[in-house]
Number of protein chains: 4
Amino acid sequence: MISSAPQALKPRKRPQQRRASATVDAIFEATIQLLVKDGLSQLTTTRVAERAGVSVGTMYQYFPHKQALIYAVNERYLDRLAERVEATCREWQGNPAGDMVEALIDTYWHTKTEKPDVTRALYRSVVEMDNEALISAFAVRTDAAITAMLASASDNDGSDARSNTRTLVTVIFGAVRNSFERGHSGEVAEDLRRQLVIMCRAYLDRHGR
Amino acid sequence: MISSAPQALKPRKRPQQRRASATVDAIFEATIQLLVKDGLSQLTTTRVAERAGVSVGTMYQYFPHKQALIYAVNERYLDRLAERVEATCREWQGNPAGDMVEALIDTYWHTKTEKPDVTRALYRSVVEMDNEALISAFAVRTDAAITAMLASASDNDGSDARSNTRTLVTVIFGAVRNSFERGHSGEVAEDLRRQLVIMCRAYLDRHGR
Amino acid sequence: MISSAPQALKPRKRPQQRRASATVDAIFEATIQLLVKDGLSQLTTTRVAERAGVSVGTMYQYFPHKQALIYAVNERYLDRLAERVEATCREWQGNPAGDMVEALIDTYWHTKTEKPDVTRALYRSVVEMDNEALISAFAVRTDAAITAMLASASDNDGSDARSNTRTLVTVIFGAVRNSFERGHSGEVAEDLRRQLVIMCRAYLDRHGR
Amino acid sequence: MISSAPQALKPRKRPQQRRASATVDAIFEATIQLLVKDGLSQLTTTRVAERAGVSVGTMYQYFPHKQALIYAVNERYLDRLAERVEATCREWQGNPAGDMVEALIDTYWHTKTEKPDVTRALYRSVVEMDNEALISAFAVRTDAAITAMLASASDNDGSDARSNTRTLVTVIFGAVRNSFERGHSGEVAEDLRRQLVIMCRAYLDRHGR
DNA sequence: GATGAATGAGTGTTCATTCAT
DNA sequence: AATGAATGAACACTCATTCAT
């Protein structure tokens with residue numbers, strides 16, 4: 001769970017979510033829909049409650065303030081994303097490093113591309129929030145999973161694992177976001193994905209592996 | 001000039017800079033300072049005017065609304081960034097492609113890192129704005145410059161220039177942003193920069209160049 | 001009901017009176033008091049709310065904007081005025097036309113004169129508003145009532161009812177307003193009322209009735 | 001001149017107009033055009049100056065504040081209207097009273113109907129202004145002219161001239177305004193005018209004249 | 001617990017008026 | 001005299017949050 005991130009990393013205004021339930025899901029769903037439809041600046045607590053079919057009062061029982069809501073939505077999203085990354089990492093244990101990275105790119109890319117407007121809306125919603133804990137927790141989880149996976153590579157050459165993981169992760173996650181921002185899609189996006197695979201493979205192979 | 005971006009992409013009116021560029025500069029400076037200090041959500045027209053030492057009324061003579069102000073600040077920032085990228089591209093014409101990319105990464109990285117808090121603040125401010133025109137104009141400029149540079153590479157191997165440029169640009173710009181978001185700094189950031197250079201060189205060399 | 005005026009004539013949204021008619025009444029009362037005291041140009045939403053003893057926010061729950069408030073105040077006023085006119089018309093069914101018109105003038109005059117400053121304030125507030133629906137709805141109601149009354153006159157001579165009603169209504173309502181504007185009062189106003197009765201009677205008698 | 005109205009009647013904020021000139025005319029013209037086009041609430045000093053082709057500063061040389069401008073426009077309008085009424089009154093000296101009143105109605109009606117939108121715009125603009133002096137001065141002039149005319153009637157029956165004049169004036173002016181408010185036009189307006197003549201004639205004839 | 005009416009501080013924006021040039 | 005940039009008080013309206021029912 002991302003929420004279990006080190007206390008030190010939790011933001012001052014770290015939001016508390018009371019408990020999970022169908023109501024909370026409805027609220028999450030409503031929030032995402034509204035973020036997609038109108039963007040963060042048009043998102044009001046009243047509108048979220050209305051669309052979720054609950055009263056504002058009730059919403060405030062689950063989320064102590066608006067930030068907490070947006071935080072929680074992103075937390076859940078990143079949780080799921082991290083799970084998928086972890087699953088992929090487990091699945092490819094023991095394979096050649098190049099194949100691992102290709103699988104990683106595929107997983108990340110597909111997850112992000114599945115619902116592009118949700119991805120975009122959440123990328124945007126996370127700004128102006130005390131999001132360091134969020135990002136950090138996600139980074140910790142994925143870094144750990146990827147490092148472990150790479151360490152098990154059948155062609156592991158013993159080069160600096162921390163540095164390699166960090167580089168790959170930063171490049172892959174960064175490139176995907178940038179591609180989104182530039183509005184790539186269709187053939188262009190597909191080519192970029194392929195090139196990214198090629199680039200990462202070339203990086204791993206650099207020592208003549 | 002970024003301002004020459006397709007009119008159709010700019011739903012919001014652009015500021016009509018008359019003259020008094022001193023005043024406009026003061027307003028820009030104030031805006032950036034406040035974005036750095038308190039973030040977009042705390043940025044009010046009154047506060048900007050106050051800090052810039054002008055009245056709100058005056059501010060509204062130069063910027064028809066708050067959005068236009070933020071737009072203009074980002075536009076200027078991206079203009080300057082694009083200029084630096086273009087300068088680097090001109091400078092490295094005719095060199096080996098690997099050196100070009102290293103120079104590009106250096107330039108971009110240094111520009112972004114010079115004033116990290118400004119970079120971070122502007123990354124955040126640009127959200128929730130009608131920023132497609134902005135990003136698109138920046139992309140057009142830098143893509144053109146980089147494509148031209150690569151075409152002049154002494155070891156140009158004739159592989160798909162569009163695709164190569166797009167990949168490099170997306171990876172470099174994306175990685176830098178991601179690095180910022182993860183809060184890398186010091187030795188970690190430096191290593192990442194080096195790795196990025198290695199990765200991009202490896203990408204260019206992939207065909208045994 | 002004036003509210004049943006053609007929807008097409010009401011570009012501005014109408015207040016959705018939910019309940020809490022006490023609150024709405026307080027707001028109406030406050031609005032009228034302020035209109036009387038300081039005039040439309042000094043009427044601010046804050047001041048109305050303050051005097052009504054509610055918060056601005058609450059006011060905006062009942063009236064979507066300032067115009068809607070002023071519209072509603074006038075609507076209520078004209079509703080009541082129309083009711084009185086209708087009552088008089090019912091009451092004088094079957095009497096001689098001259099007596100009818102005298103009764104009509106009395107009713108209208110007295111209603112307007114009861115609270116002269118309110119009358120004046122509302123006359124003024126209605127300007128610069130999308131008031132056609134208001135005026136039209138009032139006209140439709142009163143015209144209908146008066147036409148019906150005149151048709152029942154014991155000495156009905158069969159002359160053009162539409163034209164007669166229109167003339168009488170325009171003259172009476174217009175004269176009263178003009179008298180207000182000129183600031184008539186006391187004996188002068190009283191004489192004018194009498195003369196108006198004489199004139200309307202003479203008009204009805206013109207064919208030697 | 002209406003401006004020569006008794007000092008006591010001049011409003012506290014009685015606006016002062018510096019001097020007449022082509023500039024002033026341009027300002028008047030611009031004001032009226034804007035009032036017709038967008039109404040009082042959209043009338044800003046900047047817009048008036050712009051349309052008049054002068055600077056705001058210059059406008060403030062002629063009119064010490066916005067009210068003064070609107071006051072002056074109405075003053076000029078009423079001056080001209082009063083002149084026409086006076087001219088008619090002079091012209092019909094010595095004729096039968098009924099013909100006088102018909103001529104008066106014709107003059108007033110035509111002047112108001114010539115440019116209906118200007119008439120309407122000015123009716124509206126005069127609200128919320130300290131307009132008592134304006135109306136009073138107009139009343140004094142027209143009352144005097146009409147009283148004098150009626151006194152010279154070939155069939156003068158010696159009945160109370162003050163009362164008669166006041167009644168006729170209030171009825172005629174009031175009916176015209178009311179007709180405007182109701183949006184009468186074409187055949188309806190024409191019939192109303194005829195009926196008004198009939199009514200006023202009947203009033204004058206009431207003693208069997 | 002759930003509701004949603006009430007709150008009121010806070011914000012973007014306008015525009016009459018001034019005054020340095 | 002003429003200009004028009006600068007001023008800043010004022011206002012309509014929003015919306016996160018609370019709390020009586």
Side-chain angles (χ1 to χ4, degrees), chain A residues 18-19 21 23 41-50 52-70, chain B residues 18-20 22-24 26-27 41-50 52-70, chain C residues 18-20 22-24 26-27 41-50 52-70, chain D residues 18-19 21 23 41-50 52-70:
Chain A
R18 265 185 19 144
R19 61 189 172 106
S21 77
T23 301
S41 68
Q42 303 297 323
L43 191 87
T44 72
T45 50
T46 312
R47 274 200 267 274
V48 171
E50 201 173 345
V54 299
S55 69
V56 234
T58 299
M59 226 184 70
Y60 270 81
Q61 299 266 327
Y62 294 95
F63 303 96
H65 45 257
K66 195 185 168 186
Q67 287 294 334
L69 170 61
I70 297 167
Chain B
R18 298 188 195 182
R19 44 178 169 133
T23 300
V24 168
I27 294 172
S41 68
Q42 301 299 322
L43 190 87
T44 73
T45 51
T46 313
R47 278 201 264 274
V48 171
E50 204 171 345
V54 300
S55 68
V56 233
T58 298
M59 228 188 70
Y60 272 85
Q61 298 229 326
Y62 296 98
F63 305 97
H65 38 59
K66 196 186 166 185
Q67 288 293 337
L69 170 61
I70 297 167
Chain C
R18 299 188 193 183
R19 47 183 168 126
T23 300
V24 169
I27 294 172
S41 68
Q42 302 299 321
L43 191 88
T44 74
T45 51
T46 313
R47 278 201 264 274
V48 170
E50 203 171 344
V54 299
S55 68
V56 231
T58 298
M59 228 188 68
Y60 273 85
Q61 297 229 328
Y62 295 97
F63 304 97
H65 39 58
K66 197 184 164 186
Q67 288 293 336
L69 169 62
I70 298 168
Chain D
R18 263 186 20 142
R19 62 192 170 104
S21 77
T23 301
S41 68
Q42 303 298 324
L43 191 88
T44 73
T45 50
T46 312
R47 274 200 266 275
V48 170
E50 201 173 344
V54 299
S55 69
V56 235
T58 300
M59 226 184 70
Y60 270 80
Q61 300 265 327
Y62 294 95
F63 304 96
H65 46 258
K66 195 185 168 187
Q67 287 294 333
L69 170 61
I70 297 167

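Each chain gets a letter, A, B and so on, in the order the sequences are listed, and its residues count up from 1. The model shown is predicted, which means the values in this text are computed figures rather than measured ones.
The interatomic distance linking Glu50(B) (CD) with dG10(E) (P) rounds to 14 Å, in whole Å. One atom, CD of Gln42(B), and another, P of dG12(E), lie 11 Å apart when rounded to the nearest Å. The interatomic distance linking His65(C) (NE2) with dC13(F) (P) rounds to 7 Å, in whole Å. When rounded to the nearest whole Å, the span between CD1 of Ile70(B) and P of dT11(E) equals 13 Å. A straight line from OH of Tyr62(D) to P of dT17(E) spans 18 Å, rounded to a whole angstrom. At whole-Å resolution of the value, CG in Leu69(A) and P in dT17(F) are 11 Å apart. The distance between atom CD1 of Ile27(C) and atom P of dA5(E), rounded to the nearest whole Å, is 14 Å. Rounding to whole angstrom units, CG of residue Leu43(B) and P of dT11(E) are separated by 10 Å.
Among the nucleotides dG1(E), dA6(F), dT7(E), the one closest to any side-chain atom of Gln61(A) is dG1(E). Side chain of Thr45(B), nearest nucleotide from dT13(E), dT7(E), dT17(E): dT13(E).
Look at Arg47(B) and you'll find a side-chain N or O under 4.0 angstrom from OP1 or OP2 of dT11(E). Between Thr58(C) and the phosphate of dT7(E), there is a side-chain N or O to OP1/OP2 separation shorter than 4.0 Å. Contact between the side-chain N/O atoms of Ser55(C) and the OP1/OP2 oxygens of dG8(E) is not found at any separation under 4.0 Å.
The shortest non-hydrogen separation linking Ser55(D) to Ala49(D) is C-CB, 3.9 Å. Taking each heavy atom of Ala52(B) and Ala26(B) in turn, the nearest pair found is CB-O, 3.6 Å.
Rounding to the nearest 0.5 angstrom, the gap separating the OG atom in Ser41(C) from the CD atom in Gln67(D) is 7.5 Å. Here Tyr62(C) contributes atom OH and Ile27(C) contributes atom CD1; the two are 7.0 Å apart, rounded to the nearest 0.5 Å. Separating the NZ atom in Lys66(C) from the OG1 atom in Thr44(C) is a distance of 7.0 Å, to the nearest 0.5 Å.
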Tabulated below should be each protein N or O lying under 3.5 Å from an N or O of nucleotides 18-21 of chain E; please produce it.
none

Next on the checklist: Run Thr45(B) and Phe63(B) through side-chain contact (heavy atoms from CB on, under 4.5 Å) and show every step you take.
Outcome noted: CA-CA 10 Å; Thr45(B) 51; Phe63(B) 305 97; over 6 Å; no
Checklist outcome for this item: Base-pair string, DNA chain F, Watson-Crick plus G-U, cut-off 3.5 Å on both distances, | for inter-strand, is .||||||||||||||||||||
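Checking Met59(C) against Thr46(B), the closest nucleotide of DNA chain E that is more toward the 5' end is the one next to Met59(C).
None of Val54(A), Val56(A), Leu43(A) except one satisfies the side chain to side chain contact (heavy atoms under 4.5 Å, CB included) rule with Val48(A); the exception is Leu43(A).
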